[in-house]
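All ligand and atom numbering here is 1-based and tracks the order in the structure. All of these numbers come straight from a predicted model, not from anything done at the bench. Numbering of residues begins at 1 and proceeds along the displayed sequence.
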Amino acid sequence: MIARSAELGELLSREEGKPLVEGKGEIYRAGQFFTYYAAEVLRQNGDTADSVRAGIEVDVRREAMGTVAIISPWNFPTATASWKIAPALAFGNAVIWKPANLTPASAVALSEIISRQDIPEGLFNLVMGSGASIGQALAESSQVDAISFTGSYDVGRQIATAAAKNLTKFQLELGSKNPLVIMDDADMDVAVAAATAGAYGSTGQKCTASSRLVVHEKVHDEFVDRMSKSTSALKVGHALEEGTQIGPAVSEQQLKSNLDYMDLARKEGCEVVCGGDALELKTPGYYMQPALLTGGDNAMRLNREELFAPMACVIKVVSYDEALKVANDTEFGLVSGIITRSLARASHFRRNAEAGCVMVNLPTAGTDYHVPFGGRKNSSFGPREQGQYAKELYTQVKTSYILAGNP
Ligand code: NAD
């Protein structure tokens, strides 16, 4: 995958609409999950102990779960699937993968690579079809030993209900409503760069997108002014065109949802500083100019629901305490970010943000592959993904007691 990231990245960009540089980057990253877990299998897993009873030894080790169902979304179709498939196989499981319907070509491309590897026939299986039929059938099957799902909150709840009926182990990575706090002592270059990348990267279609910009009143006007210039300068275009920074929305339905949220923003009393309109370009597509909104209030529906759109809303606050309160006032909890020069504030925020991941002076989006990833509240359920933590879902612990007897 790493060697073919240009070719497969182009396929992914054509299919999903993300700019070519992001498509190639995703394939490369997906390859890194396989190289990481190829090495992870060599790590010493397991413990030994002496029993409290004389002559008995205890051996604690991890075994594969068995058959794992993997259900993945369209927005990072190859990376998300890879950070599930690679550890599932590495820890000795059989895999049934149900990819999203909007991105079948990249699923076939990844499966074709896996099909050429030296693994037993039937260990890895790709099944395509609708979520409501194939996905639901997997979630309901008593022959599935574990389920890893990334997708929307509503579907996640359905999977949880189905899995609970069979007591099947499962893990959910769902939506979010990530805040990026900009404090009065922030480096404005860092703040604008982080907010622009976090809010509009991948057309805002990522679970780590910064959709709430929580800004201290002392730097509010300067931030909005600079952010407006930075947002307006983004080049929206065809995924494969040189220089494109923001691709189209993934589907007609997604674009309609984005524009409906723009109407809601106006109705709820936000001011549209820039963007927010559908764009007609020379090639057909569901294009939209990234939008910056001000006058936001954290109680607005706009600031409570996941948009999955290139839209960010500024919420003005008067203090650090209020900023932290607003940041945490959400049903979700995937990523929370702060831009500040104060070590004391950064440390306090890191400890008190109610999120699975915290970013200090960085965009909310952009994570490594060798450390745990996941959220709190309605953003996640079950064990963390990625890094060594992945073994919590893909293995089960066995404790053996051994009485050796006399030599
Ligand atoms: P989705 O929930 O519509 O679909 C996800 C997958 O579930 C697809 O493969 C779909 O076919 C399948 N599915 C649909 N109904 C099903 C059912 N009843 N039973 C079983 N499977 C079913 O999500 P999406 O639109 O593909 O992706 C966008 C969502 O994914 C957003 O909410 C986003 O936040 C979330 N997401 C989360 C993370 C994360 O790590 N937290 C990462 C990426 C995307």
Chemist: Quick check: His348 with Tyr320 (ring centres under 6.0 Å apart)?
Modeler: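 Ring-ring flag for Tyr320/His348: true, centres closer than 6.0 Å.
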Chemist: Would you say Leu292 and Leu213 make side-chain contact, with heavy atoms under 4.5 Å?
Modeler: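 Side chain of Leu292 against side chain of Leu213, heavy atoms only: contact under 4.5 Å found.
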Chemist: Would you confirm whether Tyr394, through its side chain, and Ile85, through its main-chain N or O, come within 3.5 Å as a donor-acceptor pair?
Modeler: no
Chemist: For the aromatic rings, using the six-membered ring if either is Trp, is the centroid distance between Trp97 and Phe149 under 6.0 Å?
Modeler: no
Chemist: Select all protein residues for which some heavy-atom-to-ligand 1 distance is less than 4.0 Å, and list them by chain and number.
Modeler: Ile71, Ser72, Pro73, Trp74, Asn75, Lys98, Pro99, Ala100, Gly131, Ala132, Gly135, Gln136, Phe149, Thr150, Gly151, Ser152, Val155, Gln158, Ile159, Glu173, Leu174, Gly175, Cys207, Glu306, Phe308, Leu334, Phe373
Chemist: What pairs with Ala365 under side chain to side chain contact (heavy atoms under 4.5 Å, CB included), at least two apart in sequence or on another chain?
Modeler: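 Result, side chain to side chain contact (heavy atoms under 4.5 Å, CB included) vs Ala365: Lys206, Thr208.
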Chemist: Between Asp329 and Arg304, is there a salt bridge with N-O shorter than 4.0 Å?
Modeler: yes
